[in-house]
Chemist: 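Input: one structure, supplied below.
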Amino acid sequence: MIKFLDLYKINERHRKEIDERIKKVLDSGWYLLGKENDEFCNNFAKFCGAKYAVGVANGLDALKLAIMALGFKNGDEILVPSNTYIASILAISECDCKPVLVEPDINTYNINHALIEAKITDKTKAVLVVHLYGQAVDMTNIKAVAEKYNLKIIEDAAQAHGASHKGIKTGNLGDIAGFSFYPGKNLGCLGDGGAVTTNNEELYNKVKALRNYGSHKKYENLYIGLNSRLDEIQAAVLDVKLKYLNNDNDYRRKIAKYYIENIKNEKIILPNYNDEHVYHIFAVRTEKRDELQNYLKENGIETLIHYPIPPHKQVCYKGILGDSYPISEEIHRTILSMPISPVITMEEAENVVKVLNNY
Ligand SMILES: *Cc1c(COP(=O)(O)O)cnc(C)c1O
């Protein structure tokens, strides 16, 4: 069986280093907001090319904290792609803001900049761009629209650690960004974790307080905040794994390139190759998606669907997000994710290609 993602194998590569760093935390007797968090956040900010990073509890909170720091609330409108993972949209709703969906470009799966302007009202405050599947959004036109209408740019970089656009890394492409370190992400910890990055000192300080009950100084509360901290054990694990992230992303690109050059089947639509993409997900499209998924399963290949139900069709959002997003629906109907990871072997990738070409 070729697994979609083998988390055990991914972390086992660093077993010794991870064990040592966890032991160090245990021995220190200090478990929250300590040296490990500081060190990892410094290194992660550097990695992104951003001035600041704040460790938080998960990716959803990272996005929420970004919106809270910008001060948006009370029905402020935030534009967001209609085919994103639900968390991007939940973050907006949980801040009491209104998610306004914009259809994606069917070739990149990222927000279609040409459709943004038509959705702007006098309540629009920001565009939440999502670097979906690991490909950074083309920011050139988005930045122009944002400037014209005085909108902030929030990045959902949960799937795109290390991806870049014109050489600038995610986490440094907008005003503020949220990352997730959920175990299956390109940089993942051993539980939940996340980070906010920004170049803006004021936003940085505000997020630091907001994730800690809205407090800079113990028992003095400036803001109505959250308890959303990255714990020392997760920070230590992430600091180990960050050193290998560039190599892991290179390997993902190698597999993606191999798939793109060798999968030859007219029934399967492949993504474009882009060497700034980090291929968190290698998604193909096909007319009879469920049939292809079953065929692959029968041939020992595990695949997943990112995502089976579009946000506007989720029960919790019924009648709230609008009901006509044909491009998004087409993507949700036909998309299928092939196995890709830093630990898939070349032989396994060859097998995936062979099975797909025989379909
Ligand atoms: C994983 C993910 C999130 C949420 O991150 P969590 O750490 O699971 O809360 C947000 N947005 C996108 C696009 C994601 O893939």
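We count ligands from 1, going down the list as the structure has it; atoms in each ligand are counted the same way. Heavy atoms only: backbone and side chains are in, while hydrogens, waters and symmetry mates are out. Sequential numbering from 1 along the given sequence is applied to the chain's residues.
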Chemist: Would you say Y273 ends up clustered with I344 if hydrophobic residues are merged whenever their side chains have heavy atoms under 4.5 Å apart, either directly or through other cluster members?
Modeler: yes
Chemist: Do the ring planes of H14 and Y244 sit parallel (below 30°), tilted (30 to 60°) or perpendicular (above 60°)?
Modeler: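 Parallel, since the angle between the ring planes stays under 30°.
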Chemist: Considering only N or O atoms, set out every pair between ligand 1 and the protein closer than 3.5 Å, with distances to one decimal place.
Modeler:
| unit_1 | atom_1 | unit_2 | atom_2 | d |
| --- | --- | --- | --- | --- |
| ligand 1 | 5 (O) | S180 | OG | 3.2 |
| ligand 1 | 7 (O) | G59 | N | 2.7 |
| ligand 1 | 7 (O) | S180 | OG | 2.7 |
| ligand 1 | 9 (O) | G59 | N | 3.3 |
| ligand 1 | 9 (O) | L60 | N | 2.9 |
| ligand 1 | 11 (N) | D156 | OD1 | 3.3 |
| ligand 1 | 11 (N) | D156 | OD2 | 2.7 |
| ligand 1 | 15 (O) | Q159 | NE2 | 2.8 |
| ligand 1 | 15 (O) | K185 | NZ | 2.7 |

Chemist: Exactly one of D61, D192, N212 should register a side chain to side chain donor-acceptor pair (under 3.5 Å) with S228. Which one does?
Modeler: D61
Chemist: Any chance you could pull the hydrophobic cluster mates of I142, using side-chain heavy atoms under 4.5 angstrom and chaining through other members?
Modeler: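 Once heavy-atom contacts under 4.5 Å are chained together, I142 belongs with L79, V100, V102, I111, L115, I116, I120, V127, V129, V137, M139, V145, Y149, L151, I153, I168, L173.
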Chemist: Using 4.0 Å as the upper bound for N to carboxylate O, is an ion pair formed by K23 and D19?
Modeler: no
Chemist: For M338, which of I255, I268, T303 qualifies under side-chain contact (heavy atoms from CB on, under 4.5 Å)?
Modeler: T303
